[in-house]
Structure formats: C-alpha cells, structure tokens
There are 2 protein chains.
Amino acid sequence: MADINTGPNPLFLREDQLHQAMELLFYAYRDFTAECDAMLATYGFGRAHHRVIYFVGRYPALSVSELLGILRITKQSLSRVLGELVEQGFVSSRPGPTDRRRRVLELTEKGRVLESRLSTIQRACIARAYREAGGEAVAGFRKVLLGILNGDDRRRFERGA
Amino acid sequence: MADINTGPNPLFLREDQLHQAMELLFYAYRDFTAECDAMLATYGFGRAHHRVIYFVGRYPALSVSELLGILRITKQSLSRVLGELVEQGFVSSRPGPTDRRRRVLELTEKGRVLESRLSTIQRACIARAYREAGGEAVAGFRKVLLGILNGDDRRRFERGA
DNA sequence: GTATTTAAGTCAACATGGCTGACATAAATA
DNA sequence: TATTTATGTCAGCCATGTTGACTTAAATAC
C-alpha cells in the first residue's frame, strides 16, 4: 500500500499511478471550482475575479505587482478584472503610505462578504475531504502538492502561506 | 503533525490549513500545466487540445459523448478543438462497429507522438513530487484528491481509472 | 536638480476556449 | 413508420488570456 512500485509489472503500475495523479488533479480542480463559478456568475464575475478577491483578502495591503507575481498574468489582463472589482466597490485601491506609486489593495466590506461566501463553499469542500481522509493523508496531500510547485512558488509558499 | 486541529487556536489553524490547501491547488495546477502549455503553443494548440489528446489516448475507442461527459463542456466547444485535431491527423474518428452513429476516437501515430511528449513532461513532474514525498504521502495525496471529487466523478474514477 | 527607473494605468487588437440557440443528418429503436 | 439518439454545424456572444505601444507620477540615482 505504501510502496507505489509493487506488483507484477512495476514499471506499468508506476505509469498508471502517474496517469491517475494527472487525472485526479484535473477532476479535482474542475469540481473544486464548479460551485464557486456558479455563484460568481450571479454577480457577473468569473474565476479571474475570484482569484483577485481571494488573494487580496488573504494578503491585505497587497500591491498590484505582487498580485501579478502570484497570478502570473499580464497587467492588462489583471487591470480589466481588478478595475471592475474596484469600480463596483469590492476592492479598494489606495496609494501606498510610504511609496505613493504603489497601490494598496484591500477588500471593502462588500468584498469581504463576497469573499466569505466563496470561501465558505471551498472550505467546506476541502474540510470534508480532509475529514474523510484523516490527518495523515492530509499531510501527504500537502507534501505532494508542494512538490509539484516550481522552486519559486514553493519558496514563496513556504514563506508566505 | 497528524492532527490538523492542534495548536492554541484550533479553529483558526483549521481555517488557515484550508486556505493553504486552496492555494496549493491553485499553484500546483498552474505549475503543472505551464510546461505543457508552452509545448502545445509550438503546435498551435492549447490546453483544451491537450485534454482531448490525453483522454483519447488514455481511453481508446472513446466516443464523443463519453468525452463530453469527462470534460463537461458543450459539444460545440469540443467540436472546435476535436475538429482541428482530426483535421490535422492527430486523432482519428471512425463510425462505431456496432452503432454507426457513434464515433470511435483514437490517437493516430502522429497523435501518439504528441501525447507521449506531453505525458513525459507531466509524468516527470508527478514522479519527482511522488519520489520526494514518499509512498505514504502519495497514498494520502490520492485519498484527499479523491475526496474532493463529486460523487459522480469519484465513482467514474474508481471504476474507470 | 535633472535624468532615470519603477509602479501603475491605458488603448488597441487579437486568440483561446467557454457558452447559447437553432437546425441538420443518419442511424438505431419503439 | 415515427421517434429518439449521437453527432455535427452555423452564428454569435462572453471571459480571460496575449502583445505592443504609450502615459503618468513618484521614487531614486547621478
């Protein structure tokens, strides 16, 4: 059970295990985002808005360039989505206190409400899976996912999150 | 370590753990697909083509409706992508042997070459993470991911994959 | 104090990959 | 024969990514 290379044809099993992992990631990501996508649609928002809402909520006083570094999209792409969120009062964008070129992004009260509704959905999804799988499985889950991250992300993740 | 609810403020820790899981999924999925996206671009293809190539390769003689059920997109969306792949000779589409309304999808030799190049990238990524994490972590990883799938997918996955 | 760099924003054009709705065709089935 | 099913197709729309060129304001270097 613990050895992923047992069986009559270790090489084949290994390949099959890897395929299973690839598919699990695909299915899990798809199902993980489905419910939130539906709720976002009622606001006229998409998954891109969710990501902004999420990271701004999670890392208050984030700057635009930091957000770009996390999302890995162009500033033109971000600006469309972020602009809508600021425009509609979900995110506030103020000049930084020391460096006034930077913009300090925060969720407004309205933004926090939406963030909370979305997070509730996803937390429930993860919490259920965690509860069913048990603490040891959770540790393994995190260990493997962390290993999939590239070096930069892993370091940022280990530092920041 | 095994108990995800330890610490001075169990509720907060729990919430933080859940946030970490959400972010890990985001980062891992992004990094997992990045290399393949770059290679696909050299063919003029995108991630949607990859999914088709992958599932047709993995489940030979798949029908269009089965593929639709896996991908959860509309047939119009699929048709664009699948049409290109058939047109350019990566996927063959023939009438089914018994039910001639169905189309039997298979990778061509050309398609298998591309599939192999893409799979090599992703298998390496997973294999490295698996190797670093160890067999027990792998079991936990799979258990948690499986728990994130909705019921239908979980059943299909447990049956088919 | 001027020159340069940096953070952010903007305009325009384009590509990918989702979506809906309406309709067509051929084959299986009632 | 009538209906249902599997697939394909046309047309248009939307969300979200891209590149390239340019602007503005503030910080920093010389």
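These numbers come from a predicted model, not from an experiment. Throughout, protein chains are lettered first and strands after them, A, B, ... in sequence-line order, and every chain is numbered starting at 1.
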(Q) With hydrogens left out and only the distance checked, is there a donor-acceptor pair under 3.5 Å joining Arg80(A)'s side chain and the base of dG17(D)? (A) yes
Q) Rounded to the Å, how far apart are Leu68(B) CG and dG18(C) P? A) 11 Å
Q. For dA25(D), does either OP1 or OP2 sit under 4.0 Å from a side-chain N or O belonging to Arg101(A)?
A. no
(Q) Could you check whether His49(B) and Tyr43(B) have their ring centres less than 6.0 Å apart? (A) no
Q: Using atom CZ of Phe45(B) as one end and atom C1' of dA15(C) as the other, report the distance to the nearest whole Å.
A: 15 Å
**Q.** Nearest-angstrom distance from the residue atom OH of Tyr43(B) to C1' of dA15(C)
**A.** 20 Å
Q: For dA15(D), take OP1 and OP2 only and decide whether either is under 4.0 Å from a side-chain N or O of His49(A).
A: no
Q. On DNA chain D, nearest-nucleotide positions of Arg72(A) versus Gly44(A): which is more 5'?
A. Gly44(A)
Q | Among dT16(D), dG18(C), dA27(C), the nucleotide that comes nearest once only the side chain of Asp99(B) is considered | A | dA27(C)
Q) Between dT7(D), dT9(D), dG17(D), which nucleotide has the shortest distance from any of its atoms to the side chain of Ser63(B)? A) dT7(D)
Q: Using a 4.0 Å heavy-atom cut-off across all strands, classify Ser65(A) as base, sugar-phosphate, or nothing.
A: sugar-phosphate
Q) Has Glu35(A) got more than 12 heavy atoms of other residues, nucleotides or ligands less than 6.0 Å from its CD? A) no
Q | side-chain N/O Arg51(A) vs dG17(D) OP1/OP2, d < 4.0 Å | A | yes
(Q) Starting the side chain at C-beta, find the nucleotide from dA28(C), dA8(C), dA22(C) nearest to Gln76(B). (A) dA22(C)
Q) Which nucleotide sits closest to the side chain of Arg102(A): dA7(C), dT16(D), dG18(C)? A) dA7(C)
Q: Give the rounded distance in Å between these two atoms: CG of Asp37(A) and P of dC19(C).
A: 11 Å
Q) Leu85(A) CG to dT16(D) C1': how many Å, rounded? A) 13 Å
**Q.** Backbone of Tyr27(A) reached by a side-chain donor or acceptor of Asp153(B) within 3.5 Å
**A.** no
Q: Please determine, for the side chain of Ser77(A), which listed nucleotide (dA27(C), dG17(D), dA27(D)) has the closest atom?
A: dG17(D)
Q | Asp16(A) and Arg58(B) ion-paired at < 4.0 Å | A | yes
(Q) Under 3.5 Å, is there a donor on one side chain and an acceptor on the other for Arg103(B) and Ser63(B)? (A) no
Q.
Rounding to an integer number of Å, can you tell me how far Arg30(A) CZ sits from dG17(C) P?
A. 17 Å
**Q.** Rounded distance (Å) that lies between atom P of dT18(D) and atom CZ of Arg47(B)
**A.** 11 Å
Q) Do Arg103(B) side-chain and dT7(D) base share a donor-acceptor contact under 3.5 Å? A) no
Q: Can you tell me the distance, in whole Å, between the CG atom of Leu82(A) and the C1' atom of dA7(C)?
A: 13 Å
Q) Are any of Thr74(B)'s side-chain N or O atoms less than 4.0 Å away from OP1 or OP2 of dG18(C)? A) no
Q: Assert yes or no for the condition that the ring centre distance of Phe55(A) to Phe26(B) is strictly below 6.0 Å.
A: yes
